[in-house]
A.B. asks: 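Just passing along the structure, written as structure tokens.
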Amino acid sequence: MQKLIIKGGKRLRGEIPLQGCKNSALPIMAAALLCNEECTLYNCPKLTDVFSASRILNGLGCRCSFSGNTVQIDSSTASETEISEQLMREMRSSIIFMGAMLGRMGECTVSVPGGCELGPRPIDMHLSAMRKMGIDVRETGGRISCKASGKKAKGAKISLFFPSVGATENIILCAVTAEGETVINNAAREPEICDLCGFLRACGAEISGDGESRIVIKGIPELHGCEYRIMPDRIAGATYLAMTAASRGEIILTNACPTELEPFLTVLEQTGCSIYSDDDKIYLRSGTRLKAVRDRIRTMPHPGFPTDAQAVLMAALVSADGTSVFEENIFDCRYRHTEALVKMGADIQVMGKIAVVKGIDKLNGANVEATDLRGGAAMVIAGLSADGVSEITQIHHIDRGYEKIEEAVSALGGDIQRV
Ligand code: EPU
């Protein structure tokens, strides 16, 4: 089992390029199944979740090859309609293949992805939307079999009770080649939804309204291949910015996405850092101890403060001057990293969805276990700003979403080793 060993206390300084976005690479890889031709994806991050998605594509009969950060997917040979339970379990977001398989083959068998590190991950909205689109959905023993009553799904008007990212993606994937028009009300507005729609439009799909709460998709008979560049990863961006801020350092993030990061940057600015952005660059400087964030940090669907950045910002604020208050509104169980931060000396009280963080002078290095992807990244941030040495185990969680995190941190001058 690999682990990260971090010697804290270095001021991070330097310029690094931001990796491509995991949460748009995954649905876009699923979307490539809808094209009967080859697709080339640039800026694809090399992550274990991306490799899981490529194993799913292989299992369905597609060819998938990597060269650096470019992936070529040829789905002209796709023939299978089932994803094994084991592959479904490798990655929770495997469920987004459901919409793509229904769009391409008109049927699929998948598994319930189950609960995970963040609490229960129900898929009720995904399934009820598929039923509205004329799909016969049967659930037996954890397996879900779906079949379009004709050969194709039918366009429908769907109103989500919550703007779920995954449900919005599944509906879009099922709708682009469905018969007729699909309207999604209360759709998720995350930038990754726009990236998926950008890819689908490049393949010929007719979609409008992405980035807003009402998305309209006109079904067309088939999609063609394309070349597409995946957007930068705003959450990896938030992580490296929070990390540098906590270390009182200075960073230039290149290949970044300042507009998409705005909800995070607005909050980070309250800590007293200087932040400037320009096209695809973000510059941050934090010379002194951070200030606590005055306003309550409420995680909300985009354009609210992203739940995926809650843990990494918290890791920076545990040693800020004053008290910061978080309110986690998206997932039930997204404070599991707090135990490790407390072990390192942080003063955090969790009461249901609220976490009260009283800034302390300095964290102490400790041996901790990554609990989940963003929680693990928070521990890296804490380790880098702590006195002494920290060891982080269970780093497979971190590798799901950060491309060689130790290389990015080392490039900024941090003392970190993977052993
Ligand atoms: N929900 C339901 N029923 C459903 C679907 C969702 O109740 O049918 C609930 C969930 O339980 C959760 C909330 O709705 O409480 C939001 O879930 P959503 O469906 O929006 O999340 P997701 O699609 O499962 C994606 C990202 C997550 C990110 C969330 C929220 C991917 C692959 N995953 O998950 O990313 O936290 O949106 O923005 O895109 C991460 O990268 O660390 C990560 C967890």
Side-chain angles (χ1 to χ4, degrees), residues 19-31 45 47-50 52-53 56 88 90-99 112-132 137 139 144 158-173 184 186-196 213 230-231 233-239 260 263-264 298-312 328-334 336-337 353 370-378 396-403 405:
Q19 68 183 54
C21 177
K22 165 179 86 82
N23 288 350
S24 51
L26 299 175
I28 289 174
M29 288 176 80
L47 303 167
T48 49
D49 272 9
V50 166
S52 296
I56 291 178
M88 285 296 294
E90 269 186 21
M91 173 180 70
R92 307 280 160 191
S93 47
S94 48
I95 196 66
I96 42 180
F97 278 86
M98 177 168 70
V112 183
C116 76
E117 312 97 35
L118 310 181
R121 299 281 284 264
I123 52 163
D124 51 328
M125 275 188 270
H126 301 238
L127 299 184
S128 73
M130 296 301 129
R131 288 189 170 108
K132 270 206 121 175
V137 181
E139 298 173 76
I144 307 170
I158 297 161
S159 291
L160 297 176
F161 66 77
F162 180 88
S164 154
V165 173
T168 303
E169 289 167 347
N170 250 333
I171 298 166
I172 293 170
L173 290 168
I184 314 174
N186 199 22
R189 298 166 61 191
E190 269 65 6
E192 292 76 15
I193 300 281
C194 300
D195 209 22
L196 170 63
S213 340
I230 290 169
M231 67 177 273
D233 194 311
R234 64 194 170 104
I235 305 303
T239 304
E260 287 74 13
F264 174 78
R298 294 184 166 90
T299 67
M300 299 291 267
H302 192 78
F305 185 87
T307 172
D308 292 344
Q310 175 254 105
V312 296
E328 172 56 53
N329 293 307
I330 309 294
F331 289 106
D332 288 346
C333 202
R334 212 163 195 186
R336 291 182 58 210
H337 53 277
K353 53 162 72 174
T371 44
D372 59 273
L373 165 57
R374 309 301 171 187
H396 60 274
H397 289 297
I398 300 174
D399 293 334
R400 285 186 38 230
Y402 295 91
E403 199 172 8
I405 195 165

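We count ligands from 1, going down the list as the structure has it; atoms in each ligand are counted the same way.
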A.B. asks: Would you mind listing which atoms of ligand 1 come within a distance below 4.0 Å of any non-hydrogen atom of L373?
C.D. replies: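 In order of number, 42 (O).
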A.B. asks: Side chain or backbone of E328 under 4.0 Å from ligand 1, or both, or neither, by non-hydrogen atoms?
C.D. replies: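 No part of E328 is near ligand 1 at this cut-off.
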A.B. asks: Would R374 count as a polar contact of ligand 1, with the cut-off being nitrogen or oxygen pairs under 3.5 Å?
C.D. replies: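 Yes, there is a polar N/O contact under 3.5 Å.
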A.B. asks: Which residue and atom name correspond to the protein heavy atom nearest atom 19 (O) of ligand 1, and how close is it?
C.D. replies: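 Result for atom 19 (O) of ligand 1: S164 OG, 2.6 Å.
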A.B. asks: Using a 4.0 Å heavy-atom cut-off, say whether K22 meets ligand 1 through its side chain, its backbone, both or neither.
C.D. replies: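 Side chain only.
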A.B. asks: Based purely on interatomic distance, does F162 place a nitrogen or oxygen under 3.5 Å from a nitrogen or oxygen of ligand 1?
C.D. replies: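 For ligand 1, there is no N or O atom that lies under 3.5 Å from one belonging to F162.
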A.B. asks: Do ligand 1 and D124 have nitrogen or oxygen atoms that lie under 3.5 Å from each other?
C.D. replies: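 Yes, since at least one N or O of D124 sits under 3.5 Å from an N or O of ligand 1.
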A.B. asks: Hey, are the side chains of I144 and I123 touching, using non-hydrogen atoms and a 4.5 Å cut-off?
C.D. replies: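 Heavy-atom side-chain distance check passes, below 4.5 Å.
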A.B. asks: Under 4.0 Å, heavy-atom basis, I'd like to know which part of V165 is in contact with ligand 1: side chain, backbone, both or neither.
C.D. replies: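 Contact part for V165 vs ligand 1: both backbone and side chain.
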A.B. asks: Nearest non-hydrogen contact with atom 33 (N) of ligand 1 belongs to which option: D308, D332, N23, I235?
C.D. replies: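 Checking each option, the heavy atom nearest atom 33 (N) of ligand 1 is found in N23.
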A.B. asks: Does the N or O separation between I330 and ligand 1 drop below 3.5 Å for any pair?
C.D. replies: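 N/O-N/O distance below 3.5 Å exists for this pair.
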A.B. asks: Going by the closest heavy atom to atom 6 (C) of ligand 1, which one wins out of A188, P122, G304?
C.D. replies: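 Ranked by closest heavy atom to atom 6 (C) of ligand 1, first place is P122.
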A.B. asks: Check the pair E328, R336 against salt bridge (charged side-chain N to carboxylate O under 4.0 Å, His left out), reporting the backbone distance first and the verdict last.
C.D. replies: CA-CA 12 Å; E328 172 56 53; R336 291 182 58 210; over 6 Å; no
A.B. asks: So which atom in R374 and which in Y402 form the shortest heavy-atom distance, rounded to 0.1 Å?
C.D. replies: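 Looking at all heavy atoms of both residues, the shortest contact is NH1-OH, 3.0 Å.
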A.B. asks: Would a 4.0 Å cut-off, counted as strictly less than, catch a protein heavy atom around atom 40 (C) of ligand 1?
C.D. replies: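 Under the 4.0 Å cut-off, atom 40 (C) of ligand 1 does have protein heavy-atom neighbours.
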A.B. asks: Looking at ligand 1, does any of its N/O atoms fall within less than 3.5 Å of an N/O of L26?
C.D. replies: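 The answer is no, given that L26 and ligand 1 share no N or O pair closer than 3.5 Å.
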A.B. asks: Note the single closest protein heavy atom to atom 34 (O) of ligand 1, along with its residue, its atom name and the distance in Å.
C.D. replies: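 Ranked first by proximity to atom 34 (O) of ligand 1 is R121 NH2, 3.5 Å.
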